[in-house]
2 protein chains.
Amino acid sequence: METGQRGDQRTAAQRRRTELLEAAERVVLRDGPEASMNAIAAEAGITKPILYRHFGDKSGLYRALAKRHTDALLATLRAALDSPGDRRDRVEATLHAYLSAIETRPQVYRFLMHPAEAPSDEKGFDVGRHSVPLLRRMGEDLGEVIAERLDLGPDTRQVARVWGHGIVGMMYAAGDWWLGERPLSRDLLVRHLADLLWGRLAETGDRAGSRGL
Amino acid sequence: METGQRGDQRTAAQRRRTELLEAAERVVLRDGPEASMNAIAAEAGITKPILYRHFGDKSGLYRALAKRHTDALLATLRAALDSPGDRRDRVEATLHAYLSAIETRPQVYRFLMHPAEAPSDEKGFDVGRHSVPLLRRMGEDLGEVIAERLDLGPDTRQVARVWGHGIVGMMYAAGDWWLGERPLSRDLLVRHLADLLWGRLAETGDRAGSRGL
DNA sequence: ACATGCTAGTTACTTGCGGTAACAGCAGTC
DNA sequence: GACTGCTGTTACCGCAAGTAACTAGCATGT
C-alpha cells in the first residue's frame, strides 16, 4: 500500500510488473526454473537491469511468481473446505481440490514445490526454495480452519496447528509421490488418505504371523 | 595378487573418497549447502578437479553426502518401528526417533531437506533437490512395513504405500514447522500427531455455532 | 523556453561458480 | 627402461547473477 496514489500513474509500474511476471512465467513454464534472468528479460522484450529494478534479485522475482500461484491455490482450498456435505465430504473435497490442482498443472506445482528437476533432463539439480512458504502457509491456514470449527479441548489452537501442518504434509507427500508414479486413480488415493485420517490405521488388525505394527 | 595388507590397495580410492566426503560435510555444515566446490576442495587440502574425478559433478557429491545420512536415518527409523510395545507405542517411538534426529542435528536435516536458507541470511536462495529422495525412501520404506504387518484387504500393498507416503509427509511437515518455531514440547507434538493418526479428527465434535469441519 | 527531475531503458562490465583440458610427478609392473 | 594408472596441479572456458554508468522521453515549476 505504499504506492503513491496519482490515479493512472499508480498502476503504470504495477501493470509493467505484472507484465514482467507473466513473461517470467512463460519462460519458467517452458524452460523450467533454471531459466536465466537474461532469458526472462528477452521474453519480456527488455534487458536484465529492469528486472532487477522491479524485483531486486532473482529470488524476489521467483517469490513474486510463487505468491500468485500460492494465493490462487489457497483460495481454491479454502473454497473446498467450505463445500457442502459432512466432514468427511469436505475433507475429501479438499484433497480432491489439491490433487486436481497439481495434476492439471504439474509444471506450476513443480515450480512451487521443488523448482529443480527438468522434465527430460535427468541430472536436474538447481535452484529453488519456495516449497517451505507454500507448505507452511497451507499448514497454518488449515490449522486456523480446524481451530475455528473443532473443539479439541483446552489447547485447541495448538493441536489444530499441529494437525494443520500434519495433514497438509500428508497431502503433500502423498500427492508428490502419486504425481510421479500414478499407481492409482485420484478417487482411490483420496479415499485411502481419508481412511487414514479417519483412524483406520488404529482399527485395522495385525496381519497373521506379524509382530504387529 | 597383493590383495594382502587387508585390502589396503583396494580401499585406497574408497578411503580417499570418504575423506573427501567428510571434508565436504564439514564445509557444508559450516557454510550451508551453497558451499562452493572450491571451498570444499580447499577444506580437503586439494583442488577441484579431484573432486570431480571422484564424484562426477556437484550433484554427485551432494548425493553421496545425502546418502550417508539418509541411510543412517532410515536405519534409526526401522529400529524404532521394531521397538516393543503396542502399535501406538511403536508409532510414537518412530515419531520420536525422527523428531529427535532432526532436532539434534538440524544442520544435517536442513541439508537433506531444503538445502538453501542460510541461518543468518534471510535472502537465502540457492541449490538443492535432495528432499525428494529422502522423503520418497522414507515413504516407500514405511509403506513396506505397513504392508507386511497389516491386512488392509485385497489391495493392501497399494493402500500401504499411500499411507506410508502420507504418514511420512505428515511427520515431515509437522516436524519442519515444529523445528522452526518450537511452540510445544516434542512429547506433546508426538501425542497430537498420534492422536490425529488414531482418528481423533473423525471423532471430535463440531464447535458450537460453526459450520462444522 | 529552459533547466530539472523522474522513469524506463540501454551497454558493458565485474565477480564468482561449475566444469574441463592438459600437463606433472610418482607408484608399480612387464 | 618404457607403459600404465593414479593423484595431483595450473590455467582456462562458458555462463549466470548482479551492477555501474549512461541515454531518451516526458512531465513539471519558474
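Note that these values count all heavy atoms, side chains included, but never hydrogens, waters or copies made by symmetry. Note on naming: letters A, B, ... go to the chains in the order of the sequence lines (proteins, then strands), and numbering restarts at 1 for each one.
- We find that CG of N38(A) is positioned 15 Å from P of dC13(C), with the value rounded to whole Å.
- Rounded to an integer number of Å, the gap from K58(B) NZ to dT20(C) P is 14 Å.
- The interatomic distance linking K48(A) (NZ) with dC13(C) (P) rounds to 13 Å, in whole Å.
- Here dG18(C) is the nucleotide among dG9(C), dG18(C), dG18(D) with the atom lying nearest to any side-chain atom of S36(B).
- Counting heavy atoms of neighbouring residues, nucleotides and ligands inside a 6.0 Å radius, atom CZ of R186(A) exceeds 12 of them.
- Atom CG of L51(B) is separated from atom P of dC17(C) by 14 Å (rounded to the nearest Å).
- Atoms CD and CG, on E92(A) and D195(A) in that order, are 8.0 Å from each other to the nearest 0.5 Å.
- In terms of position on DNA chain D, the residue among R53(A) and M37(A) whose nearest nucleotide sits closer to the 5' end is M37(A).
- If you take NE2 of H54(B) and P of dG19(C), they are 16 Å apart, rounded to a whole angstrom.
- The residue I46(A) sits close only to the backbone: its heavy atoms come under 4.0 Å of sugar-phosphate atoms, none of a base.
- No side-chain donor-acceptor contact under 3.5 Å links H165(A) and D176(B).
- Inspection of the R63(B) and S59(B) side chains reveals an N or O donor paired with an N or O acceptor under 3.5 Å.
- Atom-to-atom, CZ of R15(A) to P of dA8(C) comes out at 11 Å; the value is rounded to the nearest Å.
- To the nearest angstrom, P of dG18(D) lies 11 Å from CD1 of I40(A).
- The shortest distance between the side-chain N/O atoms of T47(A) and the OP1/OP2 oxygens of dG9(C) is not below 4.0 Å.
- Protein atom OH of Y52(A) is 18 Å distant from nucleotide atom P of dA8(C), rounded to whole Å.
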